[in-house]
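Below: one structure, written as structure tokens.
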Amino acid sequence: MTAAQRGLAGPVSGGGAAARPPAAPLPATPLPADSRLARELLDGLAEAVVTADRAGVVTLVNAMAGELLPDLRPGTDLAGCAVPALAEAVRTDADTFDSEHLGRRLRGTRRRLAGDRCAWYVRDVTEEQARTDALLTERSRTAFLAQAGSRLGLSLHREQTLRATATLPVPYLADAAIVIHHQPAVPQPHWLRYADGESAPVTGVGDEELAGSVPGLAEALDGDGTEPTPWLDAELADLAPLLPAGFGRPGTVLVSPMLSAGGPAGALILIRHRDRVGFDRREIEMAREFAARAGAALAAAELYGEQTHLARVLQQSLLPPELPAVPGVSLAGGYRAAGDSLRIGGDFYEVFRTADGAMFALGDVCGKGVGAAVLTGRVRQSLQTLRLVENRPRELLHLLNRALLDSPDAARRNQFTTLLLGTLTGGPDGGLRIRFAGGGHPAPLVARADGTVSQVTVGGMPIGALAAPRFVEAEVRLAPGDLLLAYTDGVTDARGGPRDMRMFGEERLRRAFASAVGLPPAVVVERLLQLVDEWLDGPGQDDIAMLVIGAAARG
Amino acid sequence: MTPLDEAGGPGPAVDPAVVGAYLDCLDRADQAGAVRLATGLLDAGASVADVLVDLVAEAQREVGRRWLTGRWSVPQEHAATHVSELVVAAVAVRAPGRSVRGRVVLACVEGEWHALPARIVAEVLRADGWEVTFLGASVPARHLVSYLHQTGPDAVLLSCLQSTRLVRAARMVEACHSAGVPVVAGGPGFGPDGRWAAAVGAAAWGGSARDAARLLRGPLAAAPAAPAPHDDEYVAVLRRRREIVRFALQATAPADEDADELADSVAHLVDALAAAIRVGDPRVLTDFLGWQSEVFSSHPDGRRLLAGVLDAGTTALAEHPRSGDYLRRARQALLGG
């Protein structure tokens, strides 16, 4: 009984929240015993009111109930009435229902009345719902485009952009998405598909008739948008092989051009299952906008791809070479480019086999970046050619100097190169004889097997700067266990250190080199690179190159 | 053998005695002998993962122990590692990869020069059917990013052995995310059981090459959102790295011949502190110091120096509350009181 009384006390109109805490009972004002007044009050309500007796049979309906729930009359059994959601609520003893009925959105709340009776208050929430739906749709649309924008903006790689384009609209916009795109110089269209439930996009190549056989595809590839079309078996048979095996017969197809500043980059085909409603105006707009963003992203990725391809070709020709195996010689080179994403710069090294051993070169072109890299390429190429006609280091330096000075616009560029050239020949004691010629390069270091380190004074002038330079020759012998280190000034000039910004310096390099005696050259190089890297503790300002050479057991 | 078998299999497949024989080869810097042992196992039917994980990586763990306990010198350790690198290369040549799965890029965190574990992972993954690009030791973040945009791999595997590199690891993970590529972290640098991997934004963590193969077969979040750093105090700490080193040297006044080494130690301590703040766990610092204290303990004046360095750091970073808190905790854990 108390429950029933509390139920009576809480207002239902307004928010209609049954959970609202019951207000304090009003002071009992006697109601007039006027059934006409009661009827007028009921019919004046904006809510439908339906009361039922303890058996669940309707006893009373108000005017609004006649409008919203015309099937309910006094005498109707609620549990079997023509409003399925209400009937279900009554059967399961639920206090609320929410349903679409006769084109209206209805929300009903039950209140228990005295004597085991009850009343259903039903509100028409159609407009409210429509506004909420519109807001949610707008929100999800904004969220989708924002997510799409950020995902498409992440990658500068063509394949990844294509994958993102096919996966993003599924399942939000369609059940399957196919991107049609052209690879350079290939007439057949390539496609990339992603359908709901697939773990990753699938790719393939279509035949040349594909564009002509899908309605709207040829237009889209030319940059024009068309209306969505229902799936027509006859016309779209060419698209069927592009769909996953278990996809079933599609419903609607929407083709959008993937536009970019440079023209159409491809087309996006969105496909919905037959049981899903077609694309509405808003969704078509969204698909168009998405496809346009994807097109712009694809164009950016293609442009980046072309640029990096160029850079990579240049890079490939400039990266340190794999060193040849030279009998009786153990050697290793190391290279770190300055903080440049191209990883190319002005330092280089080369090792060539000769009839009686090998020739090495270690150089440093002044300047940084692509400008220095181009000159580096020229120096290396000249060196490779000239060594075929001259293998005495000092004479080769002179030839190289002439070649560089003779090259077009050499004077204008005013660039020079420091270079250390050396020839290696094996001695009868298992050691090595090294003849150097220096072009203004830092002096190489020799570490003896006992750990003492000394400098080999070479000197000379930089090449490519003067018409009559002076080059100097020097010679050193390496016994088994001795090591030679040739390096560029990026090593000693590296600025950093844990305490204050200072140069790595030759003294530190000598100590490190001395401590590495007894190790294979590859390990020495790695150890020295690591020390300089730690010293820098971040990107360096200059390239670093080094060569370590030792005598090795023959065979 | 299917690719699935390559990385599978329970437990070590290599006899401990063979590992012992292999270590003897490393001790003698006997390249040919080590290569013969490894390729012999391949001939006897062992998989690439068996040889690289249960022989080479297992032996490398022992090399690390011998170096840490002072049994082997740094040059000895380097020479042994070099032999193992040659062994990995020889095994790789013997087992040509079939790339059927996808493309991954492997890199060591900038400043991380221990490349052997990553090289092992690279070869195990190659044998497991991946197209693998190994970018080598200490890869600068911008080189990695430019490489990602050129090749568009399915995932990046980032190797880190020292927790002092976590701040850089975090920057590299961030850079990979901004290129839309998920990162699998690997190695003890990401903490015991990889507990700090999530804090720097990695999608997953593995402790071995087999883990890496297993993780890559599962789904990886396409472009997971990197968690915001716990606290940006680490930026300020790193900016003051040199200042703190100078201050600590002044406060402890070490002998001249020790100054350079102590300066390096303090610089690494600052890195560890910054890493601890970056992942929000003081244990990065305490673990680092626990390991450092062994180095210090060999020095007659070691305890005083370490205490002095920690106090100097606390003073120098007085206006950074978290740093002070972490340093005090580390001092307590290490030296008591």
Side-chain angles (χ1 to χ4, degrees), chain A residues 147 150-164 167-168 199-200 301 304-305 307-309 311-312 315 332 336-343 496-502 508 511 515-524 526-527 529-531 533-540, chain B residues 29 31 73-83 85-86 102-103 110-115 136-138 140-154 168 177-181 219 222-223 238 241-246 248-249 259-260 262-268 270-271:
Chain A
Q147 195 210 353
S150 79
R151 274 281 300 281
L152 288 171
L154 287 181
S155 175
L156 283 172
H157 189 252
R158 191 172 188 275
E159 284 304 311
Q160 263 197 351
T161 308
L162 286 170
R163 268 181 287 188
T167 47
L168 278 167
S199 60
Y304 182 82
Q307 302 275 337
T308 50
H309 178 70
R312 205 157 47 199
Q315 197 180 355
R336 294 286 275 182
D340 177 323
S341 55
L342 283 178
R343 306 191 79 163
R499 272 185 270 192
D500 33 32
M501 287 299 252
R502 58 174 88 164
R508 224 177 297 272
R511 277 207 303 271
S515 76
V517 164
L519 294 173
V523 181
V524 178
E526 200 175 274
R527 172 119 189 92
L529 281 180
Q530 176 180 355
L531 284 174
D533 194 58
E534 274 172 10
W535 185 259
L536 285 166
D537 192 43
Chain B
Q31 286 173 23
S73 65
V74 171
Q76 258 180 312
E77 183 234 334
H78 275 106
T81 306
H82 179 61
V83 172
E85 299 222 348
L86 296 174
R103 189 184 303 158
E110 186 168 10
E112 179 59 73
W113 283 85
H114 296 93
S138 185
R142 62 164 103 193
H143 290 177
L144 177 61
V145 168
S146 93
Y147 194 84
L148 296 185
H149 283 308
Q150 285 172 37
T151 57
D154 299 301
R168 286 188 177 178
H177 284 170
S178 68
V181 186
L238 281 181
R241 193 172 183 251
R242 288 201 172 88
E243 190 191 323
I244 299 166
V245 171
R246 282 197 301 269
L249 286 181
D260 274 355
L262 189 68
D264 282 339
S265 290
V266 178
H268 289 150
V270 175
D271 290 343

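Numbered from 1 within each chain, the chains take letters A, B, ... in sequence-line order. Fair warning: this is a prediction, and the values are worked out from it, not measured in the lab.
To the nearest 0.5 Å, atoms NE2 (B:His78) and CD (A:Gln530) are separated by 5.0 Å. The distance from atom CD of A:Glu159 to atom OG1 of B:Thr151, rounded to the nearest 0.5 Å, is 12.0 Å.
Ranked by heavy-atom pairs under 4.5 Å with chain A, the first of B:Glu110, B:His268, B:Arg168 is B:Arg168. Counting heavy-atom pairs closer than 4.5 Å to chain A, the top residue among B:Ala267, B:Ala79, B:Ala179 is B:Ala179.
Checked by atom type and distance alone, the side chain of B:Arg242 pairs as donor or acceptor with a backbone atom of A:Gly497 at under 3.5 Å.
Proximity to chain A (any heavy atom under 4.5 Å) is shown, for B:Ile244, by neither the backbone nor the side chain. Proximity to chain A is limited to the side chain of B:Asp154, based on heavy atoms less than 4.5 angstrom apart. For a residue to count as touching a neighbouring chain, one of its non-hydrogen atoms must lie under 4.5 Å from one of that chain's; by this rule A:Arg163 touches chain B with the side chain only. The contact between B:Ala259 and chain A is made by backbone and side chain atoms together, counting heavy-atom distances below 4.5 Å. Within the 4.5 angstrom heavy-atom criterion, no atom of B:Val270 approaches chain A. Neither the backbone nor the side chain of A:Thr161 comes within contact range of chain B; no heavy atom of the residue lies under 4.5 Å from a heavy atom of that chain.
The salt bridge (Lys or Arg N to Asp or Glu O under 4.0 Å) search around B:Glu243 returns B:Arg240, not counting sequence neighbours. Annotation: side chain to side chain donor-acceptor pair (under 3.5 Å) contacts of B:Arg246 (sequence neighbours excluded): none.
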Q: Assess whether side-chain contact (heavy atoms from CB on, under 4.5 Å) is satisfied between B:Asp260 and A:Arg499, documenting all intermediate values.
A: CA-CA 9 Å; B:Asp260 274 355; A:Arg499 272 185 270 192; 2.4 Å; yes
Q: Apply the test side-chain contact (heavy atoms from CB on, under 4.5 Å) to residues B:His82 and A:Leu519: give CA-CA distance (whole Å), side-chain angles for both, the deciding distance (0.1 Å), then the verdict.
A: CA-CA 9 Å; B:His82 179 61; A:Leu519 294 173; over 6 Å; no
Q: Start with the C-alpha gap between B:Arg241 and A:Asp537, add the side-chain angles, then the distance that decides, and say whether side-chain contact (heavy atoms from CB on, under 4.5 Å) holds.
A: CA-CA 11 Å; B:Arg241 193 172 183 251; A:Asp537 192 43; 3.1 Å; yes
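Across B:Ser138 and A:Asp533, no two heavy atoms sit closer than the pair OG-OD2, 3.0 Å.
Side-chain atoms of A:Arg336 and B:Pro140, non-hydrogen and from C-beta on, do get closer than 4.5 Å to each other.
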